[in-house]
Amino acid sequence: MARFIDELRRTHRCGELRGTDVGKEVVLFGWVDTYRDHGGCVFIDLRDREGVTQLVFDPNNPPEGSNVDLELVKQAHEMANSMRGEWVVGIRGIVRSRGKNVNPKMPTGEIEIGVIEAVVFNKAETPPFPVRDDLATKEEVRLQYRYIDLRRPKMQHIFKVRHRINQVTRNYFDQAGFFELETPFMVKYTPGGARNFLVPSRLQPGSFYALAESPQLYKQLFMVSGFDRYFQIVKCFRDEDGRVDRHPEFTQIDVEMSFVNPADVFNAMEGLIFRIWREVLGIDLKEKYPSGHFPHMKFDESMRKYGNDKPDMRFDMPHTDLTELVIDHDGGGVPFFQEIAAKFAAGKLRRDLPGEIVKALVVPASAEMSRAEVDKLEGFVKSMGAKGLARAKVAEDGSWTQSPFGKTATKEFIAAVNAACGVKTGDLLLFQFGKEALVQTVMANLRVHLAKKQGLIPESGHGGKFEFLWVVDPPLFEWDDDGHKWVAAHHAFTRPQEGSLEFLEKDPGKVLCYRYDLVLNGFEIGGGSIRLHDPEVQARVFKALGIDEDDARAKFGFLLDALKRGAPPHGGIALGMDRLTMLLSGTESLRDVIPWPKSQKGTDLLTDAPTTVTNEQLTEVHIRVVAPPPSDKGTSG
RNA sequence: GCGGCGGUAGUUAAGUUGGUUAUAACGCCGGCCUGUCACGCCGGAGGCCGCGGGUUCAAGUCCCGUCCGCCGCGCCA
């Protein structure tokens with residue numbers, strides 16, 4: 001029977017005790033945060049997940065009480081002399097007031113513990129970096145010792161928030177009549193969409209499972225099974241390159257509902273978001289959204305004004321699409337634009353098809369950008385594949401100066417552009433033109449970049465602003481330039497809108513669908529759709545995609561069968577749990593809200609995964625490695 | 001796959017046109033210290049300059065290659 005833990009039970013967490021607890025005998029366990037040795041007496045700040053409490057080891061001024069053994073107090077002081085950062089210790093002592101020495105910076109600053117006896121549960125090597133919030137240490141090192149990094153109060157707070165989101169979510173859906181149901185991770189490989197992680201089968205030589213990139217098909221099958229309302233907080237796996245808001249294994253709050261229209265899905269999710277913000281952040285979104293609903297924007301408008309389908313609405317700064325103007329003015333005297341106009345005139349490009357576009361963005365005179373700063377911007381856009389960054393400064397008479405276009409552009413064209421962009425004297429126009437996808441990407445990123453430079457939004461974090469937006473009515477199909485065919489923009493089971501069914505055969509690009517994305521501060525935090533449950537329309541969609549019946553059967557046969565055996569109309573959505581946590585907690589990267597994250601190249605810096613395996617292990621799963629294994633990697637087995 | 005930035009003590013950084021023994025702060029170790037709270041004071045130890053090649057009398061510094069991390073493009077909801 002150990003004295004501590006068995007006999008002396010923990011009475012409080014560090015960070016709980018207040019002035020009202022003075023006089024109590026307490027037992028605390030925790031980690032040595034800092035120690036201050038004054039020779040005769042030693043101060044130690046003891047830390048656990050709830051906070052920090054100051055311990056005093058002082059044999060010359062021992063705590064008063066019936067259970068005080070001076071010999072133990074002396075021993076404890078000896079032990080305290082040797083204690084170092086991150087040692088794991090326990091103490092018994094008396095809560096006493098700090099009198100005049102109150103520390104107003106600490107929640108427990110009114111009190112301290114006069115230590116009667118102590119135990120060292122475990123010594124600790126000097127940590128590679130201090131356990132403090134104001135940390136400058138590289139993320140690489142933090143991830144190597146993530147278990148230490150996670151001790152920092154900031155990190156403990158993030159994962160407490162994440163825990164709260166999970167609990168609120170479960171309560172909310174339970175009360176709303178949803179069942180929490182599970183789906184397999186090891187699933188059939190289905191082509192299209194994200195690249196899958198593969199799991200070799202031992203029992204079926206040469207065959208592979210895929211790790212589920214989402215529970216999409218299974219949750220639809222749940223609807224066919226009659227569960228009516230499903231949710232799951234579930235891991236998803238996608239073998240794609242990293243970004244600040246992407247991770248190879250991530251968590252979704254996955255939802256599917258039967259007999260619903262988009263508004264039903266919106267209501268369900270808005271209810272959840274409102275609850276999370278209220279119960280986790282203490283923010284009532286009703287003040288900002290009195291109707292209880294988030295605003296909508298059509299996909300088309302979002303692309304035109306902001307260049308992507310996830311606009312950050314904390315600021316405006318819209319793009320102006322000048323394609324029509326350029327065509328109407330035959331290029332307006334600008335050689336680059338004349339080229340584009342000529343392509344339209346010759347019928348090489350069509351206005352109703354994706355092709356080449358011209359866009360402009362206004363930097364207000366108040367931003368006072370120097371030539372050098374604009375050159376830096378040019379480097380920024382070039383890193384995204386842009387050829388350059390054409391610009392024009394608007395002079396008092398409306399003419400363009402400091403511009404490659406200024407000399408040749410016609411007066412009429414300049415006036416028209418100025419009017420379209422709504423410029424004022426001193427404003428700077430920035431142009432992009434060419435392939436639509438590239439122009440959109442560059443302009444969308446440029447808009448956000450400029451907003452950060454101008455201080456309209458912070459470099460990272462929400463800055464106290466939460467701007468939600470539903471982006472709705474996107475096209476069902478996307479033109480695949482490489483494959484020269486139409487492909488499903490989302491997946492092949494999204495329901496086309498009734499009004500666009502007529503275009504399915506004659507003009508697939510015009511078919512809109514019941515697809516929706518939830519956007520928060522420029523991040524897509526969720527997306528979903530109403531599904532296609534009508535086999536007849538389904539057949540037409542496959543046809544438009546160039547998928548014949550045999551093809552469809554081979555890939556999705558099980559789902560097509562299910563849809564013919566009593567499938568209710570259904571739809572759903574998935575929220576990015578990690579992104580939601582990231583935005584809500586104001587952290588800068590997805591890795592900050594994942595306890596054990598992987599690096600951008602998918603490695604685990606803590607465990608060194610993935611590693612090579614032994615030949616025996618490979619043989620067992622019928623795999624032969626062709627690529628030479630990296631020489632400096634360890635071998636498991 | 002591509003572009004950008006970075007890698008120097010445990011940590012964060014400095015390091016000049018290539019030139020003596022590679023600096024500083026914090027941390028660490030030892031000593032002193034009874035009211036500190038990022039305690040203070042005195043002393044000390046600590047380096048594969050990411051790795052490999054090359055140029056040179058001489059490389060942390062220049063050149064080539066390579067690995068790792070981050071940001072972005074492509075890819076990806």
Side-chain angles (χ1 to χ4, degrees), chain A residues 33-45 52-61 77 84-85 98-106 108-109 112 125-145 192-196 213-214 216 236 238-248 250 252 308-310 376 379-386 437-438 441-442 445 448-449 459-460 471 474 482 488-491 515-519 523-529 573-576 579 588-589 591 598-601 603 605 608 630-633:
Chain A
D33 193 56
T34 55
Y35 62 94
R36 297 174 290 281
D37 185 351
H38 286 243
C41 86
V42 177
F43 298 95
I44 284 182
D45 290 342
V52 162
T53 298
Q54 173 164 291
L55 312 177
V56 188
F57 299 79
D58 189 350
N60 295 320
N61 183 19
H77 177 250
R84 293 295 181 268
R98 292 210 206 172
K100 274 177 260 172
N101 299 310
V102 164
N103 183 345
K105 283 186 281 187
M106 301 170 72
T108 60
E112 62 189 13
E125 284 182 19
T126 304
F129 49 84
V131 179
R132 288 170 45 171
D133 279 344
D134 55 334
L135 194 63
T137 303
K138 283 192 258 304
E139 195 180 11
E140 193 176 347
V141 181
R142 288 173 48 202
L143 292 182
Q144 246 163 18
Y145 302 92
R195 190 181 302 119
N196 291 99
E213 53 187 81
S214 83
Q216 183 61 41
C236 303
R238 290 177 191 162
D239 187 4
E240 300 296 340
D241 287 5
R243 286 289 187 283
V244 74
D245 62 341
R246 289 201 325 229
H247 196 255
F250 62 100
Q252 282 188 345
N308 62 21
D309 58 355
K310 47 173 188 177
K376 255 179 106 177
F380 173 73
V381 301
K382 276 183 172 172
S383 77
M384 283 180 283
L438 182 62
T441 298
V442 168
N445 286 327
V448 173
H449 184 78
E459 277 296 328
S460 75
V471 175
D482 299 328
H490 176 43
H491 58 67
R515 154 104 197 135
Y516 31 81
D517 283 341
L518 181 57
V519 178
F523 289 87
E524 185 204 310
I525 59 166
S529 64
I573 191 167
L575 293 188
R579 285 184 188 169
E588 349 193 327
S589 122
R591 288 183 301 277
K598 296 193 164 43
S599 75
Q600 195 170 45
K601 286 195 178 153
T603 62
L605 297 177
D608 205 32
S631 53
D632 58 339
K633 276 280 186 148

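Keep in mind that this is a model prediction, so the values were computed, not measured. Throughout, protein chains are lettered first and strands after them, A, B, ... in sequence-line order, and every chain is numbered starting at 1.
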Which value, in whole Å, describes the distance between the [atom1] atoms of nucleotides [N] and [M]?
| N | M | atom1 | answer |
| --- | --- | --- | --- |
| B:C70 | B:C63 | C1' | 26 Å |
| B:A59 | B:U17 | C1' | 14 Å |
| B:A22 | B:G3 | P | 37 Å |
| B:C2 | B:G60 | P | 30 Å |
| B:G18 | B:G27 | P | 37 Å |
| B:U11 | B:G52 | C1' | 27 Å |
| B:G53 | B:U61 | P | 14 Å |
| B:A14 | B:G47 | C1' | 15 Å |

Problem - Short N-O contact, A:R246 and A:E240, less than 4.0 angstrom - result: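 Salt bridge flag = no for A:E240 with A:R246.
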Practice task
Salt-bridge test for A:R132 and A:D134: reply yes if a basic N is under 4.0 Å from a carboxylate O, no otherwise.
Solution key: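 Judged by the 4.0 Å cut-off on N to carboxylate O distance, A:R132 and A:D134 do form a salt bridge.
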Exercise for the section: Ignoring the backbone of A:A194, work out which of B:C70, B:A77, B:G69 is nearest its side chain. Expected result: B:A77
Exercise for the section: Can you figure out which of B:A38, B:G69, B:C71 approaches the side chain of A:R591 most closely? Expected result: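 Of B:A38, B:G69, B:C71, B:C71 is nearest to the side chain of A:R591.
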Exercise for the section: Please examine the side chains of A:E213 and A:C236, heavy atoms only from C-beta on, and report whether any two atoms are closer than 4.5 Å. Expected result: no
Practice task
Please examine the side chains of A:R98 and A:N103, heavy atoms only from C-beta on, and report whether any two atoms are closer than 4.5 Å.
Solution key: yes
Handout entry: Presence of donor-acceptor pair under 3.5 Å, side chain of A:E112 and base of B:G35
Key =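 Side chain to base: pair found, below 3.5 Å.
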Handout entry: Pair of N/O donor and acceptor under 3.5 Å linking B:C37 base with A:R98 side chain
Key = yes
Length of the [atom1]-[atom2] vector between [X] and [N], whole Å:
| X | N | atom1 | atom2 | result |
| --- | --- | --- | --- | --- |
| A:L55 | B:C37 | CG | C1' | 12 Å |
| A:D133 | B:A38 | CG | P | 13 Å |
| A:E139 | B:U11 | CD | P | 16 Å |
| A:H490 | B:A77 | NE2 | P | 9 Å |
| A:D37 | B:G35 | CG | P | 12 Å |
| A:E140 | B:C68 | CD | C1' | 6 Å |
| A:D134 | B:U11 | CG | P | 17 Å |
| A:K598 | B:C70 | NZ | C1' | 18 Å |

At 4.0 Å (heavy atoms only), tell me whether [X] reaches a base, stays on the sugar-phosphate, or touches nothing.
| X | value |
| --- | --- |
| A:N61 | base |
| A:K105 | sugar-phosphate |
| A:K310 | nothing |
| A:A489 | base |
| A:F129 | nothing |
| A:S214 | nothing |

Problem - Ring geometry between A:F380 and A:H449 (parallel below 30°, tilted from 30 to 60°, perpendicular above 60°) - result: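 A:H449 and A:F380: parallel rings.
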Exercise for the section: Kindly state which residues belonging to residues 238-247 of chain A come within less than 4.0 angstrom of RNA chain B, counting heavy atoms of the residue only, listed by number. Expected result: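 Heavy-atom cutoff 4.0 Å gives A:R238, A:E240, A:D241, A:R243, A:V244, A:R246.
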Problem - Results of ring-ring contact (aromatic ring centres under 6.0 Å, His included) for A:F523 - residues two or more places apart only - result: none
Handout entry: Position toward the 5' end of RNA chain B (nearest nucleotide), A:F380 or A:R515
Key =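 The residue whose closest nucleotide sits nearer the 5' end is A:F380.
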Problem - Nucleotide paired to B:C2 in any strand shown, Watson-Crick or G-U, under 3.5 Å - result: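 Because both required distances fall under 3.5 Å, B:C2 counts as paired with B:G72.
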